[in-house]
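All heavy atoms count here, side chains included; hydrogens, waters and symmetry mates do not.
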Amino acid sequence: GPKLRWYNSMGGVLVEGGCFTGMKAIRWHDDSPAGTRVLAVEIGKTNSEILSANIRANGLEDSITSIHAGLWRESGEGSQKHSYSTRRFLESTDRWKGHMVHEEKVRLLCIRDLLDENKIDVASYFNVPVNGAEIEVLNGALDVLDRVKIFDIAAYYGKDGKRNIDVVREILSQNGC
């Protein structure tokens, strides 16, 4: 399979912020130096259960931590919306608004609390594929930007006709990134 990019292949702590069933987290483990730690965050309950089973089945409990939660601007409880698909949403997007027909309660975690709960001072790499919630996640992380060496933010969606990638770029630029 494809190798990790240079910036997330040096080990340390890697965070997958929307990891589905963990295939990427397991690949990261396999392609990284010994001692690399992976935090695998998944919002969907069933996906999170499969993620945990995949970690156990591969004997990776000491290297990969499964976390059932959704990344958000603050920690607490929220509602994810979905259509029983692999896409789960905390934030409405123009493209998927009509598909958000079911609702499920979920624990929310901001990046600061995720790092603190897992006793992480600095994450080497943090992937944020969160289906439109990246602006909220980023706004909740502005006080801990120095605790993440590299953010990889997937901002494919938009809201109210404005592309999320443009908003993410603006937020990061205004904060010295």
Donor-acceptor list for residues 168-177 side chains, cut-off 3.5 Å, not counting sequence neighbours:
from	atom 1	to	atom 2	distance (Å)
R169	NH1	D166	OD1	3.4
S173	OG	R169	O	2.9
N175	ND2	I171	O	2.7

Show me the donor-acceptor pairs, under 3.5 Å and distance only, between side chains in residues 55-62 and residues at least two apart or in other chains.
from	atom 1	to	atom 2	distance (Å)
N58	ND2	N54	O	2.8

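Panel note: side chain S124, backbone G11; a donor-acceptor pair is recorded below 3.5 Å. Between the E42 side chain and the F20 main chain, a donor and an acceptor come within less than 3.5 Å of each other. The backbone N or O of E49 lies less than 3.5 Å from no partner atom in the side chain of S52, so there is not a single donor-acceptor pair.
Contact record, I64 with A40: CG2-CB, 4.1 Å, taken as the closest heavy-atom pair. The shortest heavy-atom contact between A123 and V15 is CB-CG2, 4.2 Å. The shortest heavy-atom contact between V38 and H29 is CG2-N, 4.4 Å. The two residues R73 and C110 come nearest to each other via the heavy atoms O-CB, 3.7 Å. Nearest heavy-atom pair across E74 and L108 is O-CB, 3.7 Å.
Proximity of K45 to H68: side-chain heavy atoms (C-beta onward) are separated by under 4.5 Å at one or more points. Taking 4.5 Å as the limit, every side-chain heavy atom of V106 sits out of range of all side-chain heavy atoms of E77. Residues N118 and R37 have side chains in contact (heavy-atom distance under 4.5 Å, counting atoms from C-beta outward). Under the 4.5 Å side-chain criterion, counting only non-hydrogen atoms from C-beta, I26 is in contact with D30.
Residue pairs satisfying the salt bridge (Lys or Arg N to Asp or Glu O under 4.0 Å) criterion with at least one member in residues 137-146, sequence neighbours excluded, are listed as follows: R112-D143. Residue pairs that meet the ring-ring contact (aromatic ring centres under 6.0 Å, His included) test with at least one member in residues 131-155, sequence neighbours left out, are F126-F151.
A side-chain donor from one of Y125 and D152 sits under 3.5 Å from a side-chain acceptor of the other.
For the atom pair W72 CH2 and N139 CG, the distance stands at 10.0 Å (nearest 0.5 Å). Rounding to the nearest 0.5 angstrom, the gap separating the CG atom in N47 from the OG1 atom in T21 is 6.5 Å. Between the CG atom in L71 and the CD atom in E16 there is a gap of 10.0 Å [rounded to 0.5 Å]. To the nearest 0.5 Å, the span separating CG on L14 from CD1 on I150 amounts to 10.0 Å. We find the OG1-CD1 distance between T65 and I120 to be 7.5 Å, quoted to the nearest 0.5 Å. Rounded to the nearest 0.5 Å, atoms CZ (R27) and OG (S32) are 9.5 Å apart.
Partners of K119 by side-chain contact (heavy atoms from CB on, under 4.5 Å), not counting sequence neighbours: none found. A search for side-chain contact (heavy atoms from CB on, under 4.5 Å) contacts involving R107 returns A69, L109, E117, not counting sequence neighbours.
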Item to complete: Take I165 and R163 through the test side-chain contact (heavy atoms from CB on, under 4.5 Å) and record every step on the way to the result.
Response: CA-CA 5 Å; I165 188 66; R163 296 179 337 150; 3.5 Å; yes
Worksheet item: What's the verdict on side-chain contact (heavy atoms from CB on, under 4.5 Å) for L51 and C19, showing C-alpha distance, side-chain angles and the deciding distance?
Response: CA-CA 8 Å; L51 164 67; C19 69; 3.5 Å; yes
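In the hydrophobic cluster analysis, where Ile, Leu, Val, Met, Phe, Trp and Tyr join through side-chain heavy atoms closer than 4.5 angstrom, L142 is grouped together with V137. I50 and V41 are assigned to two separate hydrophobic clusters, defined by single-linkage of ILVMFWY side chains at heavy-atom distances under 4.5 Å. Both V167 and L145 are part of a single hydrophobic cluster, where members link through side-chain heavy atoms under 4.5 Å apart.
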